[in-house]
Protein chains: 2
Amino acid sequence: MKLSVRGEYALRALTVLGESPRDCVVRIQTISDRENIPKRFLEQILNELRTAGFVESRRGIAGGYRLSRAPESIPLAAVIRHLEGKLAPVGCVSEKFYERCSCPDESRCALRSVMKEVRDAIANLLENLTVADLVKRAGALRVKPDMGLDYSI
Amino acid sequence: MKLSVRGEYALRALTVLGESPRDCVVRIQTISDRENIPKRFLEQILNELRTAGFVESRRGIAGGYRLSRAPESIPLAAVIRHLEGKLAPVGCVSEKFYERCSCPDESRCALRSVMKEVRDAIANLLENLTVADLVKRAGALRVKPDMGLDYSI
DNA sequence: TTAAATTTGATTGGATTGGTCAAGATTCAC
DNA sequence: GTGAATCTTGACCAATCCAATCAAATTTAA
Ligand code: FES
Ligand code: FES
């Protein structure tokens, strides 16, 4: 998996939306300022997130965006798949975006068997992490910045 | 991590080289035929692998390529880093190819803490797998194709 | 009505990717 | 030495993707 800037922006924007109460909307400008994201680009991205069903918007002078579901039910894997496509490092081991590759015999490809493990490791993490986790971590990091990013000790 | 076709070809070529005895060379044409890789493109790739020190070549009529070290001491992570760059999904969590991103405060970025876990999962796998493992798996798969790719049961 | 906001889609410049090609250098068999 | 088979080097190309910008349309609150 590789996260392009587009996807990075999207997840950061979702974090901001997840941090604010579900019943009021947040303006693009606010997100753009807080997260240091080019505004025009962010418009495009939020629009994609809307058509994908992750957020909803209100237009007009008191307009803005909010999450359209509870943050706990938006797995990062779903968001990334919508914006970037497959999680797997190669198409031949992707569950949702399978693509044949040029190998003469896929069922005997050693590389494929290795890449499948990589895919599973990535998918396992990202399927179980949600926007709610991002919000939780943001809160924790606000108190105790960085700490080597250790969540495992 | 994302493996481009270039990287896929490289690893498949290395598998072929790893499968043949260390003291004799394999021609580009042979690899190209066996693995179904465009020959001209493969020339380019093997050349990169040579300058990176993974393989060495003999020219002339009895020329070809061979691994320049034991297959056990060529971790897949090293190969991929040379050909594709970082393993990490985003620059800000990469060990060898760190790049700052636009986040206002990296040390309090929730997304970063998540992506670090993804990076570690990927790196852990790929640092510990070598070309020798590819060869081993290729052998196993030749006998028992696919089997759902299960190495864990 | 009007100002402020999102919506939509076109467009751009630059980088990356997958791949080809030609000319040269090296080695070995004869 | 000649020639054939091979690697070496680096230029080249077309297509696609990426980050970002822009303009115009639409919606809504006040
Ligand atoms: S089948 Fe995809 S790399 Fe071999
Ligand atoms: S610091 Fe890289 S995504 Fe926030």
Side-chain angles (χ1 to χ4, degrees), chain A residues 2-13 17 24-33 35-66 68 80 83-86 89-91 97 99-102, chain B residues 1-13 17 24-33 35-68 80 83-86 89-91 97 99-102:
Chain A
K2 190 206 148 200
L3 204 61
S4 67
V5 178
R6 169 190 236 80
E8 186 193 311
Y9 289 167
L11 290 172
R12 278 159 56 193
L17 294 184
C24 63
V25 301
V26 184
R27 272 176 302 170
I28 284 187
Q29 188 66 60
T30 308
I31 305 175
S32 163
D33 289 345
E35 287 291 323
N36 195 23
I37 300 172
K39 190 186 157 197
R40 304 278 198 181
F41 197 18
L42 186 57
E43 286 177 18
Q44 193 183 112
I45 292 167
L46 283 173
N47 216 24
E48 287 175 58
L49 288 177
R50 190 178 50 84
T51 59
F54 297 117
V55 303
E56 50 193 32
S57 62
R58 228 182 46 215
R59 319 208 220 191
I61 194 164
Y65 286 88
R66 71 172 154 226
S68 61
I80 294 176
L83 265 82
E84 313 267 358
K86 56 176 172 294
V90 287
F97 298 88
E99 268 177 300
R100 227 209 113 124
C101 62
S102 71
Chain B
M1 190 218 27
K2 189 207 147 198
L3 204 60
S4 66
V5 177
R6 170 190 236 81
E8 186 193 312
Y9 288 168
L11 290 172
R12 278 159 58 192
L17 294 183
C24 62
V25 301
V26 184
R27 273 174 302 169
I28 284 186
Q29 187 67 59
T30 307
I31 304 176
S32 162
D33 290 346
E35 288 291 323
N36 194 24
I37 299 172
K39 190 186 155 196
R40 301 279 196 182
F41 197 19
L42 185 55
E43 286 177 16
Q44 194 183 112
I45 292 167
L46 283 172
N47 214 25
E48 288 174 58
L49 288 176
R50 189 177 50 84
T51 58
F54 297 116
V55 304
E56 51 194 30
S57 63
R58 231 187 40 220
R59 315 207 224 191
I61 195 164
Y65 285 89
R66 70 171 155 228
L67 296 183
S68 61
I80 294 175
L83 265 82
E84 313 266 0
K86 56 174 172 296
V90 287
F97 297 89
E99 269 177 299
R100 224 209 116 120
C101 61
S102 70

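Numbered from 1 within each chain, the chains take letters A, B, ... in sequence-line order. The model shown is predicted, which means the values in this text are computed figures rather than measured ones.
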inquiry  = Is there a side-chain contact between B:Ser57 and the phosphate of D:dT8, meaning an N or O under 4.0 Å from OP1 or OP2?
reply    = yes

query = Considering heavy-atom distances to DNA chain D, does A:Leu3 or A:Ile61 have its closest nucleotide positioned more toward the 5' end?
reply = A:Leu3

Side chains of A:Leu11 and A:Ile80 in contact at under 4.5 Å (non-hydrogen atoms) = yes

message = Whole angstroms only, please: what is the CD-P distance between B:Glu99 and D:dA19?
response = 12 Å

Integer-rounded Å distance: D:dC7 C1' and B:Lys39 NZ = 10 Å

ask   = B:Ile28 side chain: which of C:dT6, D:dT9, D:dC7 is closest?
value = D:dC7

inquiry  = Quick check for you: among C:dG19, C:dA22, C:dT6, whose closest atom lies nearest to any side-chain atom of B:Val5?
reply    = C:dG19

task = Nearest whole angstrom, please: distance from the P of C:dT20 to the CZ of B:Arg6.
result = 13 Å

task = From the options C:dA5, D:dT21, D:dT8, select the nucleotide whose nearest atom is closest to the side chain of A:Arg40.
result = D:dT21

ask   = Under the 3.5 angstrom rule, does the side chain of A:Glu84 hit a backbone N or O of A:Ser4 as a donor-acceptor pair?
value = yes

query = Can a side chain N or O of B:Ser4 be found less than 4.0 Å away from OP1 or OP2 on C:dT16?
reply = no

key: Out of D:dT9, C:dT8, C:dT6, whichever nucleotide has its closest atom nearest the side chain of B:Arg50   = D:dT9

inquiry  = Do A:Leu49 and A:Leu83 make a side-chain contact, defined as non-hydrogen atoms from C-beta onward lying under 4.5 Å apart?
reply    = yes

query = A:Phe41 has a side chain; which of D:dC7, D:dT8, D:dT21 sits nearest to it?
reply = D:dT21

task = Under 4.0 Å between any heavy atoms, over every strand shown, what does B:Gln29 touch: base, sugar-phosphate, or nothing? Just pick one.
result = nothing

request  = Answer with base, sugar-phosphate or nothing: what part of the nucleic acid does B:Leu46 contact at a heavy-atom distance below 4.0 Å?
outcome  = nothing

query = Whole-Å distance between D:dA20 P and A:Tyr9 OH?
reply = 4 Å

message = Measure CD/A:Glu84 against C1'/D:dA19 and give the value in whole Å, please.
response = 12 Å

message = Tell me the interatomic distance from B:Leu83, atom CG, to C:dT17, atom P, rounded to whole angstroms.
response = 11 Å

request  = Report yes or no: does A:Arg50 contribute a side-chain atom to a donor-acceptor pair with the main-chain N or O of A:Ser57 at less than 3.5 Å?
outcome  = no

message = By nearest atom, which of the nucleotides C:dC21, D:dA5, C:dG19 is closest to the B:Gln44 side chain?
response = C:dG19

task = Whole angstrom is fine here: how far is it from CZ in A:Arg12 over to C1' in D:dA19?
result = 14 Å

remark   = Side-chain contact check for B:Pro38: nearest option of D:dA5, D:dT8, C:dG19 is C:dG19

request  = Give the rounded distance in Å between these two atoms: CD of A:Glu43 and P of D:dA23.
outcome  = 13 Å

ask   = Do B:Phe54 and B:Glu48 have side-chain heavy atoms sitting under 4.5 Å apart?
value = no

query = Would you say a side-chain N or O of A:Arg27 is under 4.0 Å from OP1 or OP2 of C:dA4?
reply = no

query = Any side-chain heavy-atom pair from A:Tyr9 and A:Glu35 closer than 4.5 angstrom?
reply = no

